[in-house]
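Below you'll find the structure, written out as structure tokens, and then a few comments.
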Amino acid sequence: MRDLGTPVLDDHLHLDPRHARGIDAVTDFARSGGTHLLVVNKPSWHLGVEADTGEDFRAVFEETLDVVADASEELRGRAWPVLGVHPGLVSRLVDERGFDADEAAELMCAGLDVAAEHAADGEAVALKSGRPHYDVSESVWDASNRVLRHALERAAETGVALQLHTEATEDLTDVAAWAEDAGLPPERVVKHYASGECAGVTPSVMCEKGYLEDAVASDGPFLMETDYVDDPERPGAVMGPKTVPRRVNWLLENGHEAAVERAHVETPEAVYGIDTAGTLE
């Protein structure tokens, strides 16, 4: 395994040992110098779960907990789970399954309640929620924001962070205000799939070099991710598992040691309460 002399955390990727590469992707990450992972459960329907109750999501979360344990065995550091309900589910429920927007929101909140049980037990370091990144009706948008606010409340109650899948934006100060209302520090809200900066919350920056240059120049907290989806029909999408280690090496070669420390040690501790340096072998 390559040692880059620093913890190397991919803040957001998916693993699917049943249908795709699973632990083989973790091995690629580790051999490239990666040490830590935050593994987000795949959208429930991608694992064959068409939920009718909150309890139906439990199988998705338990499968994710199992693959996180296996991933930790492959890493010099370890993996942690992020559990929640993908915001795109609202469209599947409304457009394909005949739910109205309020019914869809109720089911998604019930799924988040089950995820929060795992967070309360110390099994997850963050919940996952958000709102659609594509155009939807006003009723679906309002319902999605109700789900998002419920997720903020559950994250605050259980003492974990919240990762968000949202529209493309560099300003989530509206969500930051909701987080404060819920009792969750806004810096513990993470904009997944972020460009270099995101006002109000912590950006988890996609590993495009331009985005990373913006994040480094901002001097603010940030994380790095691939959003690797582990889908056999889309190998390497969105970015491959070797990408974060390669970008860390590129940052180090360009003299950005402080930014690497910020992204892979300081920000993970501040957002998730995880010790990447202390959990290295």
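Counting heavy-atom neighbours within 6.0 Å of Asp135 CG, excluding the residue itself, gives a total of 12 or less. The 12-atom threshold is exceeded at CD of Glu96, counting heavy atoms of other residues, nucleotides or ligands nearer than 6.0 Å. With a 6.0 Å radius and a threshold of 12 heavy atoms from other residues, nucleotides or ligands, Glu106 has its CD atom at or below the threshold.
Among residues at least two apart or in separate chains, side-chain hydrogen bond (donor to acceptor under 3.5 Å, both in side chains) pairs with a member in residues 253-266 are Asn249-Glu253. Applying the side-chain hydrogen bond (donor to acceptor under 3.5 Å, both in side chains) definition to pairs two or more places apart or across chains, those involving residues 203-213 are Asp11-Ser204, Ser204-Glu225.
Side-chain atoms of Thr279 and His36 include a donor-acceptor pair closer than 3.5 Å. Between the side chains of Thr169 and Asp171, no donor-acceptor pair is found at a separation under 3.5 Å. Defined by atom type and a distance below 3.5 Å, a donor-acceptor pair is missing between the side-chain atoms of Thr243 and Tyr228. Judged by distance alone, the side chains of Asp16 and His46 never bring a donor and an acceptor atom under 3.5 Å apart.
Using a 4.5 Å heavy-atom cutoff, the side chains of Leu13 and Val40 are not in contact. When side chains are defined from C-beta on, Leu212 counts as touching Arg247, because their heavy atoms get closer than 4.5 Å. Val238 is not listed as a side-chain neighbour of Thr226, based on a closest heavy-atom distance of 4.5 Å or more. Side-chain contact between Thr35 and Glu281 is absent, with no heavy atoms from C-beta onward closer than 4.5 Å.
Taking every heavy atom of both residues into account, Val205 and Gly196 meet most closely at CG2-O, 4.0 Å. Nearest heavy-atom pair, Val90 versus Ala104, reported as atom, atom and distance to 0.1 Å: CG2-CB, 4.0 Å. When all heavy atoms of Val265 and Pro7 are compared, the pair lying nearest together is CG2-CG, 3.8 Å. Nearest heavy-atom pair across Thr158 and Ala116 is CG2-O, 3.5 Å. In terms of heavy-atom proximity, Lys191 sits nearest to Tyr193 at NZ-O, 3.6 Å. Closest approach of Leu4 to Ser32, counting heavy atoms only: CD1-O, 4.2 Å.
Between the Asp100 side chain and the Asp102 main chain, a donor and an acceptor come within less than 3.5 Å of each other. Here the side chain of Thr173 pairs no donor or acceptor atom with the backbone of Ala176 at under 3.5 angstrom.
Both Met224 and Leu252 sit in one connected hydrophobic cluster of ILVMFWY residues. Membership requires side-chain heavy atoms under 4.5 Å apart, directly or through other members. Hydrophobic clustering (side-chain heavy atoms under 4.5 Å, transitive across Ile, Leu, Val, Met, Phe, Trp, Tyr) keeps Val125 apart from Leu65. By the criterion of side-chain heavy atoms lying less than 4.5 angstrom apart, applied directly or through intervening Ile, Leu, Val, Met, Phe, Trp or Tyr residues, Val68 is not grouped with Leu223; the two fall into different hydrophobic clusters. Under the 4.5 Å side-chain heavy-atom criterion for Ile, Leu, Val, Met, Phe, Trp and Tyr, Phe57 and Val147 are members of the same hydrophobic cluster. Linking ILVMFWY side-chain heavy atoms closer than 4.5 Å, directly or via other members, places Val160 and Leu148 in a single hydrophobic cluster.
Interatomic distance, CZ of Arg18 versus CG of Leu47, reported as 5.5 Å (0.5 Å rounding). Interatomic distance, Met206 CE to Ser195 OG, rounded to the nearest 0.5 Å: 11.0 Å. Rounding to the nearest 0.5 Å gives a distance of 5.5 Å between CG of Leu107 and CZ of Phe99. Taking CD of Glu157 as the start and CG of Leu127 as the end, the distance is 10.0 Å to the nearest 0.5 Å. Between the SG atom in Cys109 and the CZ atom in Arg154 there is a gap of 10.0 Å [rounded to 0.5 Å]. To the nearest 0.5 Å, atom NE2 of residue His14 and atom OG1 of residue Thr64 are 9.5 Å apart.
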Could you walk me through whether Tyr272 and Thr267 satisfy the side chain to side chain donor-acceptor pair (under 3.5 Å) test, starting with their C-alpha distance in whole Å, then the side-chain angles of each, then the deciding distance to 0.1 Å, before giving a yes or no? CA-CA 8 Å; Tyr272 303 110; Thr267 305; over 6 Å; no

Asp10 vs Phe29, test: side-chain contact (heavy atoms from CB on, under 4.5 Å). Steps then yes/no. CA-CA 9 Å; Asp10 188 333; Phe29 173 75; 3.9 Å; yes

Given Glu103 and Leu93, is the side-chain contact (heavy atoms from CB on, under 4.5 Å) satisfied, shown in steps? CA-CA 9 Å; Glu103 292 169 337; Leu93 294 172; over 6 Å; no

List the steps, then state whether salt bridge (charged side-chain N to carboxylate O under 4.0 Å, His left out) holds for Arg31 with Asp24. CA-CA 11 Å; Arg31 287 176 176 169; Asp24 288 343; over 6 Å; no

Test side-chain contact (heavy atoms from CB on, under 4.5 Å) on Ser91 and Tyr134; report intermediate values, then the result. CA-CA 10 Å; Ser91 296; Tyr134 45 87; 2.6 Å; yes

So Leu38 and Leu9, side-chain contact (heavy atoms from CB on, under 4.5 Å) or not? Walk me through it. CA-CA 8 Å; Leu38 287 187; Leu9 169 71; 4.2 Å; yes

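A salt bridge does not link Lys42 to Asp231: none of the charged nitrogens lies less than 4.0 Å from a carboxylate oxygen. Taking a cutoff of 4.0 Å between a charged side-chain nitrogen and a carboxylate oxygen, Asp52 and Arg97 qualify as a salt bridge. With respect to Asp28 and Arg21, a salt bridge is recorded, a charged nitrogen being found less than 4.0 Å from a carboxylate O. Using a cutoff of 4.0 Å between basic side-chain nitrogens and carboxylate oxygens, Arg58 and Glu117 are scored as salt-bridged.
Grouping Ile, Leu, Val, Met, Phe, Trp and Tyr by side-chain contacts under 4.5 Å, direct or through others, leaves Met1 on its own.
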Sequence neighbours excluded and cut-off under 3.5 Å, please list the side-chain donor-acceptor pairs for residues 177-190, or say none.
{"residue": "Arg188", "atom": "NE", "partner": "Val271", "partner atom": "O", "Å": "2.6"}
{"residue": "Arg188", "atom": "NH1", "partner": "Gly159", "partner atom": "O", "Å": "3.2"}
{"residue": "Arg188", "atom": "NH2", "partner": "Val271", "partner atom": "O", "Å": "3.0"}

Listed pairs under 3.5 Å, donor-acceptor, residues 82-89 side chains, sequence neighbours left out:
{"residue": "His86", "atom": "ND1", "partner": "Gly88", "partner atom": "N", "Å": "2.8"}

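The aromatic rings of His118 and Phe61 sit perpendicular to each other, their planes meeting at more than 60°, with 30° as the lower class boundary.
Looking at Asp230, Leu15, Val67 one by one, the single match for side chain to side chain contact (heavy atoms under 4.5 Å, CB included) with Val26 turns out to be Leu15.
Every residue two or more places apart in sequence or in another chain was checked for a salt bridge (charged side-chain N to carboxylate O under 4.0 Å, His left out) with Asp95, and none qualifies.
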